[in-house]
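From a predicted model like this one, the values you see are computed outputs, not experimental measurements.
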Amino acid sequence: MNEQYVNHGLPRPTPSLPPETVVELQLDALRANDDPYPDSGIETAFVFASPAVRRVVGPLTRFSKVVRSERYAPLVDFDRVGTTPIERYGDDARQEVTVVDDDGHETVYEFRLARQPSGRFVDCWLTEAVVRIA
């Protein structure tokens, strides 16, 4: 997490955040990706990515390219969003998210989260995967 992120007081993982809030924080940030600074929304998504995801898709510069790829680009600067109720299975959770762009095109994703069992983020809900469904 860079100094600019910290100075703006942007959200960070804590054990007190339930999984549905973790998804909501990421969606709010991605919807207004360049507020308060360019790509701060993508950085928020990275901050809430699990250590396993960061090992595969990190650092932030590479993660940003993945988010801007055709598969995930609809998640950046979308117009509207709808979500299903979160489904929890012990230390795992899933939530379906439909983003709608300015032209009314819908894209559906499933956010998969897990409560981290150990390490720096112990007991925090973090994103393990975002799967494009439709």
message = Between the side chains of Glu96 and Arg94, is the shortest nitrogen-to-carboxylate-oxygen separation below 4.0 Å, so that they form an ion pair?
response =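 No.
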key: Pair Asp39 + Arg68, salt bridge at N-O below 4.0 Å   =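 Salt bridge present between Asp39 and Arg68.
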Taking all non-hydrogen atoms of both residues into account, name the closest pair between [X] and [Y] and its distance.
X      : Y     : value
Val122 : Pro15 : O-CG, 3.8 Å
Tyr5   : Ser40 : CE1-O, 4.2 Å
Val99  : Pro74 : CG2-O, 3.6 Å
Pro19  : Ala93 : CB-CB, 3.8 Å
Phe111 : Val97 : CD1-CG2, 3.7 Å
Phe48  : Pro11 : CE1-O, 3.7 Å

Do [X] and [Y] sit in the same hydrophobic cluster, where Ile, Leu, Val, Met, Phe, Trp and Tyr count as joined when their side-chain heavy atoms come under 4.5 Å apart?
X      : Y      : result
Phe78  : Val67  : yes
Val22  : Leu10  : yes
Leu27  : Phe63  : yes
Val131 : Val23  : no
Leu30  : Val100 : no

As an exercise, state the distance from [atom1] of [X] to [atom2] of [Y], rounded to the nearest 0.5 Å.
X      : Y      : atom1 : atom2 : result
Ser64  : Glu43  : OG    : CD    : 9.5 Å
Asp123 : Asp91  : CG    : CG    : 8.0 Å
Asp101 : Thr107 : CG    : OG1   : 7.0 Å
Asp28  : Leu25  : CG    : CG    : 6.5 Å
Arg88  : Glu20  : CZ    : CD    : 6.0 Å
Asn33  : Ile42  : CG    : CD1   : 4.5 Å

So, [X] versus [Y]: side-chain donor-acceptor pair below 3.5 Å or not?
X     : Y      : value
Gln95 : Glu24  : no
Tyr89 : Glu87  : yes
Thr98 : Glu106 : no

query = Given a cutoff of under 4.5 Å between side-chain heavy atoms of I, L, V, M, F, W and Y, with clusters grown through shared members, what are the other residues clustered with Val108?
reply =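 The other cluster members (ILVMFWY side chains, heavy atoms under 4.5 Å, direct or chained) are Ile133.
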key: Cation-aromatic face contact Arg54/Phe46, 6.0 Å, 45 degrees   =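 Here Arg54 passes the 6.0 Å and 45° test against Phe46.
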request  = Measure the acute angle between the ring planes of Tyr72 and Tyr109, then classify it against the limits of 30° and 60° as parallel, tilted or perpendicular.
outcome  =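 Plane angle under 30°, so parallel.
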query = With sequence neighbours excluded, what pairs up with Pro59 under the side chain to side chain contact (heavy atoms under 4.5 Å, CB included) test?
reply =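 Partners of Pro59 under the side chain to side chain contact (heavy atoms under 4.5 Å, CB included) test: Thr61, Arg62.
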inquiry  = Applying side chain to side chain donor-acceptor pair (under 3.5 Å), can you list everything that pairs with Thr84, at least two apart in sequence or on another chain?
reply    =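 Expected list: none.
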ask   = Taking Arg112 for the side chain and Glu128 for the main chain, is one N or O donor matched with an acceptor at less than 3.5 Å?
value =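 Checking the backbone N and O of Glu128 against the side chain of Arg112, no donor-acceptor pair under 3.5 Å is found.
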